[in-house]
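So the structure is just underneath, and the comments pick up after that.
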Amino acid sequence: VLIRTTLLYLFALILVRFLGKRGVGQLTPIEFVVLIAMGSALGDPMFYPDVALSPPMLVLITVIVLHRFVSMATQRRKRLQSFVEGDGAVLIRDGKVVREALESELVSFDELSMLLRQKGIENLATVRFAALEPSGQLSVFEYNDRNRAGLPLEALLPESGVERFSPNGNVIHPAEYACLGCGTLQSFATGQTFVACENCPDDDWVISLRAPWHKQ
C-alpha cells in the first residue's frame, strides 16, 4: 500500500502542475470537479492491491487533458466561460446589501457578515463594493472615510451585547438606526415607534455605528 500510494501521489503531483497556479489556489467550479475526479480515481488503487494502477492513471490523464481543453475553450469564448465558471455577483454596493444577489447566490446576510468580519471590517457603511467571485472568494473595496454611519457587524453575533430594537417599540434615543437584516439606515426621533424595514423582511434595528451617542 505504501509503494502504490507513493507512486500515485507522485504521479498526481506531476499532473497537478498542469493545472497552473490558479488551479492550486482559488478553485473555480471546473477545477473543483477535477479534484473530485482525481480523488475518486486515486482512492481504490491506493488501498487495494488487486486494483491495477494503469486504469486510474488513464483516468487522471483524461481528466487533466479535458481540463486543459475546457480552459483553452473558455479563454476564447466569453459565454462558455460564464457558463462553465459562473460570473461574479455584487453583494454590497455603496454600503448597502444587494438583497437580490444574496438570494440568487444562496448566501445569507449572516454568512456575508462573517466574511466581512474576517477581513477586519466592523462597519458595513465603509464597504464601497463587495463581490462574490466565481472561486467563492469575497472581494471587498472600502471607502477611505471610516466615519460613515452604518451597521456594526458585531451586532449580528448572538453574544455581542448590542441592544436591538423591534417594531412598535418606542424610540427613547433619537439617532440614526441600522436595519439588522440589510444595513439600511433610518432616523427615528423621540416619541416615534420603530417600524419594519422597507428593504428587507427583517424587523430589528440597532444604533448605527458612528452615531453621535453610540458606544465606541
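All values below were derived from every heavy atom in this structure, side-chain atoms included, with hydrogens, water molecules and symmetry-related copies excluded. All values derive from a computational prediction rather than experimental measurement. Residue numbers count from 1 along this sequence.
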Could you pull out all donor-acceptor pairs under 3.5 Å where a side-chain atom in residues 101-117 meets a protein atom, sequence neighbours excluded?
residue	atom	partner	partner atom	Å
Ser108	OG	Glu111	N	3.1
Ser108	OG	Glu111	OE1	3.4
Glu111	OE1	Ser108	N	2.9
Ser113	OG	Phe109	O	2.8
Arg117	NH1	Leu153	O	3.1

Contacts of Ser187 that satisfy side-chain hydrogen bond (donor to acceptor under 3.5 Å, both in side chains) - sequence neighbours left out: none

- prompt: Arg164 side chain to Asp204 main-chain N or O, any donor-acceptor pair under 3.5 Å?
  reply: no

- prompt: Taking a hydrophobic cluster as the set of Ile, Leu, Val, Met, Phe, Trp and Tyr residues connected by side-chain heavy atoms closer than 4.5 Å, whether directly or through intermediates, do Tyr177 and Ile172 fall within one such cluster?
  reply: no

- request: Say whether Trp205 and Val171 are linked into one hydrophobic cluster, either directly or through other cluster members, by side-chain heavy-atom distances under 4.5 angstrom.
  value: yes

Could you list the donor-acceptor pairs under 3.5 angstrom formed by side chains in residues 193-200, with sequence neighbours left out?
residue	atom	partner	partner atom	Å
Asn199	ND2	Thr184	OG1	3.4

message: Quick one: does any side-chain atom of Asp94 pair with a main-chain N or O of Lys96 as donor and acceptor, under 3.5 Å?
response: no

message: To the nearest 0.5 Å, what is the distance between CG on Leu91 and CD on Glu100?
response: 11.5 Å

Any residue meeting side chain to side chain contact (heavy atoms under 4.5 Å, CB included) with Ala178, in chain and number order, not counting sequence neighbours: Leu151, Leu185, Val206, Ser208

task: State which residues pass salt bridge (Lys or Arg N to Asp or Glu O under 4.0 Å) with Glu133; sequence neighbours excluded, sorted by chain then number.
output: none

message: Can you tell me how far apart CZ (Arg148) and CD (Glu142) are? Round to the nearest 0.5 Å.
response: 11.0 Å

- prompt: Do you reckon Leu156 sits in the same ILVMFWY cluster as Val162, going by side-chain contacts under 4.5 Å, direct or chained?
  reply: yes

task: Kindly determine whether Ile92 and Phe129 satisfy side-chain contact (heavy atoms from CB on, under 4.5 Å), including the steps that lead there.
output: CA-CA 5 Å; Ile92 301 176; Phe129 176 85; over 6 Å; no

Separation of Gln137 CD from Leu132 CG (nearest 0.5 Å): 9.0 Å

statement: On a heavy-atom basis, the closest approach of Glu176 and Ala149 is OE1-CB, 3.4 Å

